Structure formats: C-alpha cells, structure tokens
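Okay, here's the structure, questions in a sec.
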Amino acid sequence: MGSKQSSRRRFLKGGAALAGLAIGGIPRAIAQVPRVEKADAPPGDSRAYGHRSRFDTSKRLDDTHAPHGMTTPIQDTTGIITPNGLHFVMDHDHMERPDIDPKQHRLLIHGQVDRPLSFTLEELKTLPSVSKIYFIECNGNSQPPRGPGKDSVQDVHGRISCSEWTGVPLALLLREAGLKAGATWLVAEGADAKRYAMGIPLTKGMEDVLVAYGQNGEPVRPEQGYPLRLIIPGFEGNISIKWLRRIKVVDQLYVPRHQATNAELMPNGKALWFNFQIGAKSVITRPSGGQKLPGPGFYEITGLAWSGGGAVHRVEVSTDGGKSWKDAELQQPVLPMAWTRFRSPWTWNGQEAVLQSRCTDERGEVQPTLAQLREVWGINSDFYFQDHFNGIQPWKVTPDGVVHNALLLS
Ligand SMILES: Nc1nc2c(c(=O)[nH]1)N[C@H]1C(S)=C(S)[C@@H](COP(=O)(O)O)O[C@H]1N2
Ligand SMILES: [Mo]
C-alpha cells in the first residue's frame, strides 16, 4: 500500500510537470512508467483476460449496514451499466459463497406442475433466450450513513447496480412444466449453505422474470450467483435468488425464513408485507457527498434515476434547495426498470448551494421528499431505517467546495 501510494505520488508529480512545463516533464514521466507497472501489475494472464488500467482505482466498499455486503461506487460509473467487478454484493449466509461446478448443478422446477423438470446449464442455454437491461436494488438501499465519513453516495446509495442480463424467461420454463389449477405462488431457493429462499407471486413469475446465466456479456459472476440466478425486474433485490437451484410452484402463500423479517412497520402499528416494487427514485452522483469542487465555474450535474414501476419519464434538478426545478436531459436509452442517466448543466457561483434531483416515472409516481415520506410512515425520526427509502437526496455544497449529505440536516 505504502509503495503503491508513493509510486502514485511520484507519477502525479510527473503529471504536474507535464501540464506546467510541457517538454521538460515528459522524459521523467515516461521513465517512471515501467517501474510502476511492474510493482502494481495484478496477477493473471492479462492477454487472455484483460484487466483495467492501474490508474483506475474505483472499488467496492464494505457495506456499513451488512457484515458481508459490498457497495457499488455509483459516483464513478459512466452511462448505465455497472462493470461486473463492481456489482454490489449482498449475501445472507456470511460464509463461503457457493463454489458451483456448472456440470454438477441442476435447476429443478416442481410442485404444482404437470411435469417436474430438471435442467443443466447447457440444457438451459439451448432454449430461447433474451438479454435485458435491469437494475437490482437491495431493499435496504439508501439508509442513512453509519459512522463518520460514511456519507458518500456509494455508502448511502451503493446497494444498487444495473446490468445486461441474459437468460431464459421463467414463464417459458413454467409453461413447459405445465401449471396446475390453483398454482398462485413460487418458492425459489438458492444453493447457499442455509438455503436462502423467497416467495414470489406467480403472476410476476409469468410476466418478466429471467433465469439468468449471462451478465454484461460473460457468465454471471460468482458473487452474483454463478451459474444461475433469478432476475425479478423492478422488485426489491432480495427475491432475485442467486445460485438458483429450485423453484417450487405452490398453491398458497408460504413465508420462507429470510422473508419473515421483511415486513415494514407502519405508524398505526400494522405492518406492510410483500411490498415488492421499488418506487420512483433518483440521486445525483456528481457532485455528491465527500467530493470537492475545485472552485466556482461550470459543472455538469449528473446522476441516475430508476423505478420499479416502469420507465423514467422525467428527472428535474434543483440547485437552490428545491425552490426551483429544471428538467434534466435524459440520456438514451430510457428503459423500463433500468437505470436512466440524467445530466444538467450548472454554473456554481461559489455560494452555498443545495443540489437535488426528483424522478417521475411513466405511471406519474413522483419521488417524494423526506417530509412527504414522514406523512405516510409517521414522525419517528428513525422511520427511514425502513426499507424502500426513495426520498429526494439533497447534497449541500459549502463555499469551500466540499459536498455534504444534507438529508439529515434538512
Ligand atoms: N441465494 C441467495 N440469493 C440472494 C441473496 C442471498 O444471500 N442468497 N441475497 C439477496 C439480496 S438481499 C439482494 S439485495 C440481492 C443482491 O444481489 P447481488 O449480491 O448480486 O448484488 O441478492 C439476493 N439474492
Ligand atoms: Mo437486499
């Protein structure tokens, strides 16, 4: 680490000379490059499977809420696709994750069906497939930071990623198995040691759920469920079962162990169960918490918007704490249940400013403020430790250029 830092510093010095003195700096910088490369080169045959530039230091961070979770550096991603090595991770078993040989693995579909079916990965790959871009968001995303200095957009909102997933529509497999009259729910189970399982409404299973084996052009990563996982578009990530080994078609609601703690307490003391769909949501990723603007002048505000209810219809940006709003530009493609990248030009005058974004989805659902959420969920100051928090995220830029998380201050 120390040597990496000092070599980086040496190189930065070379870079500064390049910018300031042009010719004089060039030989120094070039001379240093091979030495640094040797010391920092990651292991493996990079001709057979390439690796990124050693200057790209973007990385997942330990999740402050979940002991074995990792967050996606959403402040660093460009466009709408999360690189596979930076996909957030949320595992419940807290042990070794399954190391599955696809030749040994089977997917079983059974229960209330005419013909129980068992598939190898190769058999699934012979069936008609689709590729779709969808986000996966943990139901616990966007909870308030835990610990000092943990208020970056990655720490608060990094339990979400967006990928192109390839696989077989679950509806095709269920039709092949033949649903018996009275079938209403599915129970999907992973190959984790503790058999992580979740109940999924059959209507959703017949709509758009994927049994995925591909992630951004390569096999699903082990962290994401190699060799097979469910992708349940627009629904909370916890039911998108990884290391998928079994789907049982059932005729009544079962509540598997991991799902039993998932109900959200309402102010009236009742609990909301099976609140699957992610609401209309957005966040500015640049500038965002912990970043520093070098000085007044032009900036492009950019961020991500999404909704479990369909496509993003509109994103507005405010730079004056919500007094006025301006439509942001939505980058194509704008796809249902996928990230939508938005952009808005801004000239910072050096004064304190509060930046925020507001998403409206194709159903007309508007991302709520913290105050509006409180009206529904009560005035318990802890209320947004609730799952599914989709309140507007304000970032405060102070005159020194530092960006702070203003959600707790508002
Ligand atoms: N088998 C299995 N599937 C699982 C989990 C798990 O622990 N085991 N975690 C769930 C949770 S809580 C989330 S948010 C998503 C996270 O997917 P990722 O780790 O690929 O980002 O996977 C879900 N599927
Ligand atoms: Mo999750």
Side-chain angles (χ1 to χ4, degrees), residues 60-74 77 81-100 105 107-108 134-143 154 156-167 186-200 209-216 218-248 256-264 274-278 306 308 337 339 385-390:
R60 293 192 282 228
L61 295 175
D62 288 331
D63 191 313
T64 56
H65 291 265
H68 293 260
M70 303 287 286
T71 54
T72 290
I74 62 172
T77 21
I81 298 293
T82 307
N84 290 346
L86 296 176
H87 197 286
F88 85 99
V89 183
M90 194 64 78
D91 293 345
H92 284 79
D93 254 2
H94 307 170
M95 286 186 241
E96 290 278 296
R97 67 176 57 96
D99 179 28
I100 297 174
H105 191 72
L107 169 63
L108 175 66
Y134 291 129
F135 69 79
I136 299 179
E137 182 176 30
C138 178
N139 49 319
N141 196 23
S142 307
Q143 300 194 357
Q154 177 169 2
V156 182
H157 303 284
R159 294 169 204 88
I160 180 167
S161 298
C162 185
S163 303
E164 185 200 65
W165 301 101
T166 298
L186 305 169
V187 179
E189 184 187 81
D192 329 31
K194 288 196 202 162
R195 299 284 184 258
Y196 182 90
M198 285 280 164
I200 299 157
V209 174
L210 287 184
V211 174
Y213 48 76
Q215 179 183 357
N216 296 327
E218 62 180 4
V220 167
R221 287 280 172 112
E223 295 95 320
Q224 268 59 66
Y226 183 88
L228 284 178
R229 81 169 298 161
L230 280 183
I231 299 291
I232 309 197
F235 279 21
E236 53 184 19
N238 57 352
I239 60 171
S240 283
I241 299 292
K242 307 196 280 188
W243 313 294
L244 181 68
R245 67 188 289 271
R246 190 156 75 101
I247 294 174
K248 186 168 186 181
R257 184 170 56 90
H258 287 97
Q259 208 157 17
T261 54
N262 232 25
E264 286 148 59
F274 303 105
N275 180 24
F276 291 123
Q277 200 171 70
I278 301 285
W306 63 95
M337 296 159 300
W339 267 348
F385 284 91
Q386 294 279 358
D387 286 344
H388 287 260
F389 181 79
N390 69 328

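Just so you know, ligand 1 is whichever comes first in the structure, and atom 1 is the first atom listed for that ligand. Every value quoted in this text rests on a predicted model; they were computed, and no experiment measured them. Worth knowing before you read on, the calculation uses all heavy atoms, side chains too, and leaves out hydrogens, waters and symmetry mates. Sequence positions, counted from 1, serve as the residue numbers for this chain.
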Side chain, backbone, both or neither: A191 near ligand 1, heavy atoms under 4.0 Å: neither
Ligand-residue contact atoms, ligand 1 with Q224, heavy atoms, under 4.0 Å: 18 (P), 19 (O), 20 (O), 21 (O)
Sub-3.5 Å N/O-N/O distance, K242 and ligand 1: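 There is such a contact, yes.
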Atoms in ligand 1 flagged as close to S240, the criterion being non-hydrogen separation under 4.0 Å: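 Going through ligand 1 atom by atom, the ones under 4.0 Å from S240 are 22 (O), 23 (C), 24 (N).
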Mutual orientation of the aromatic rings belonging to H258 and Y196 [parallel < 30°, tilted 30-60°, perpendicular > 60°]: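 Rings of H258 and Y196: tilted, as their planes differ by 30° to 60°.
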Proximal atoms of ligand 1 relative to C138 (non-hydrogen, under 4.0 Å):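 Checking each atom against C138, I get 14 (S).
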Per-atom contacts, ligand 1 versus D91 - under 4.0 Å to a heavy atom: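 With D91 as reference, the close atoms of ligand 1 come out as 7 (O).
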Nitrogen or oxygen atoms of M90 and ligand 1 under 3.5 Å apart: yes
Ligand 1 contact on R159 by region, counting heavy-atom pairs under 4.0 Å: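 It is neither; nothing of R159 touches ligand 1.
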Distance-minimising heavy-atom pair for K242 and D91: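 In terms of heavy atoms, the two residues are closest at NZ-OD1, 2.7 Å.
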Trace of the side-chain hydrogen bond (donor to acceptor under 3.5 Å, both in side chains) decision for T72 with S161: CA-CA 7 Å; T72 290; S161 298; 2.8 Å; yes
Spatial distance of atom CD1 (I200) from atom CZ (F235) [nearest 0.5 Å]: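 Between I200 CD1 and F235 CZ, I get 9.5 Å after rounding to 0.5 Å.
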Atoms in ligand 1 with a heavy atom of W243 nearer than 4.0 Å: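 Counting from 1, the qualifying ligand atoms are 1 (N), 2 (C), 8 (N).
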Rounded distance [0.5 Å steps], CD1 in I278 versus CH2 in W306: 9.0 Å
Check against side-chain contact (heavy atoms from CB on, under 4.5 Å), I232 and F276: CA-CA 10 Å; I232 309 197; F276 291 123; over 6 Å; no
Residues which pass salt bridge (Lys or Arg N to Asp or Glu O under 4.0 Å) with E236, listed by chain and number, not counting sequence neighbours: none
Ligand 1 to N139 polar contact by distance, N or O atoms, under 3.5 Å: no
Heteroatom distance test (E137, ligand 1): nitrogen or oxygen, under 3.5 angstrom: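 The answer is no, given that E137 and ligand 1 share no N or O pair closer than 3.5 Å.
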Close-contact set for ligand 1 against I241 heavy atoms, below 4.0 Å: 3 (N), 24 (N)
Per-residue contact class, N238 against ligand 1 - non-hydrogen pairs under 4.0 Å: both
Any R229 heavy atom less than 4.0 Å to ligand 1: yes
Expected output: side-chain N84 to main-chain Q215 donor-acceptor under 3.5 Å: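 Yes; at least one donor-acceptor contact below 3.5 Å.
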Pairing residues for R245 by the side-chain hydrogen bond (donor to acceptor under 3.5 Å, both in side chains) criterion, not counting sequence neighbours: E189
With I136, the side chain to side chain contact (heavy atoms under 4.5 Å, CB included) member among I231, N141, I160: I231
Min N/O separation D192 to ligand 1 under 3.5 Å: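 For ligand 1, there is an N or O atom that lies under 3.5 Å from one belonging to D192.
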Gap separating the CZ atom of R159 from the CE atom of M90, nearest 0.5 angstrom: 5.5 Å
Atom 10 (C) of ligand 1 [closest protein heavy-atom partner, distance rounded to 0.1 Å]: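 Nearest neighbour among protein heavy atoms for atom 10 (C) of ligand 1, to 0.1 Å: Y196 OH, 3.5 Å.
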Under 3.5 Å: N/O of F88 near N/O of ligand 1: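 By distance alone, the answer is yes.
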